[in-house]
Amino acid sequence: MGKIIAVANQKGGVGKTTTAVNLAASLAATKRKILLIDLDPQGNATMASGINKYEVPATCYELLIEEKSVDEVVQKETTGLYDLIAANTDVTAAEIKLMEVYSREHRLKRALEPVKDYYDFIIIDCPPSLNMLTVNAMTAADSVLVPMQCEYYALEGLTALMDTISKLTSVVNDKLHIEGILRTMYDPRNRLANDVSEQLKRHFGDKVYRSVIPRNVRLAEAPSFGSPVMYYDKSSTGAKAYLALAGEVLRKNSAEKNNSAKAPNSEQVAS
């Protein structure tokens, strides 16, 4: 069974879309089947995947309002070699329409059920706010990957996000958990960045990825060329950092599956 990871942070400008796009590309490079879902009406992940958001025939709008299935909205020809469900400003209308329907927070989860076993990973790029689109993502997801800068205000935003995840766990998705916390735009010469990084590791332990995403010019340039950084400049520090992150994600997922296989089920315990 595939794993669904929502890339989310209520604070904007933390490298959320950059992480969703480059993690998807890095995982796809390991020959895994990957689906990237752009759930942000800004459509930045769509453009960074080499797909023109203004010309795309269908987006996650049609998926969320149940006009079309995943197979009917997915884009196959992306620069990152993963499948994509695109987004543009039409997605804003989906949020409005969802407010009028029953069980609106489960629309994305239901839409993905037929294809979850086909993909190894489904990565969802969430909007930088807690709205019905983000709630749909977290209802569908198995886990949440949190990109964050190592600065004071980012810590405050992380606290708010953890509170949100806790509430959603108790209401719509009791299996939702933190996949990991990713330090982005990291500058080791910055004393505050190092202090915040140490606080994160003390508080969250192994939930903090060892991989760190540095400030990198090539990483910032790649989206304007409609490409993940590994296909724009594979020798850049940004490309190497996201490949390392993909390795961590794969190792963690493999360990989780092994532990799940070893765990006794209820019938074994009863016997």
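The basis for the numbers below is simple: all heavy atoms, side chains too, and nothing from hydrogens, waters or symmetry mates.
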Donor on one side chain, acceptor on other, [X] and [Y], under 3.5 Å:
X      : Y      : value
Tyr186 : Asn216 : no
Asp174 : Thr169 : no
Thr164 : Gln10  : yes

Test side-chain contact (heavy atoms from CB on, under 4.5 Å) applied to Asp195 - qualifying residues, sequence neighbours left out: Arg191
I'd like to check the side-chain contact (heavy atoms from CB on, under 4.5 Å) partners of Val172; sequence neighbours left out, ordered by chain and number. Glu105, Thr139, Leu168
Under the salt bridge (charged side-chain N to carboxylate O under 4.0 Å, His left out) definition, can you give me all pairs with a residue in residues 233-254, not counting sequence neighbours? Arg218-Asp233
What pairs of residues pass the salt bridge (charged side-chain N to carboxylate O under 4.0 Å, His left out) test when at least one of them lies in residues 199-212, not counting sequence neighbours? Glu198-Lys201
Quick check on side chain to side chain contact (heavy atoms under 4.5 Å, CB included): which of Leu161, Val208, Thr184, Leu200 does Met148 satisfy it with? Leu200
If we only count heavy atoms from C-beta on, is the Thr19 to Leu182 side-chain gap below 4.5 Å? yes
Step by step, would you call Lys76 with Asp83 a salt bridge (Lys or Arg N to Asp or Glu O under 4.0 Å)? CA-CA 5 Å; Lys76 297 283 187 179; Asp83 290 354; 2.9 Å; yes
Of all pairs that satisfy side-chain hydrogen bond (donor to acceptor under 3.5 Å, both in side chains), the ones with a partner from residues 88-97, not counting sequence neighbours: none
Among pairs that include at least one residue of residues 207-239, which meet ring pair (Phe, Tyr, Trp, His ring centres under 6.0 Å), considering only residues two or more places apart or in two chains? Phe225-Tyr232
Quick one: do Lys3 and Asp142 make a salt bridge, cutoff under 4.0 Å? no
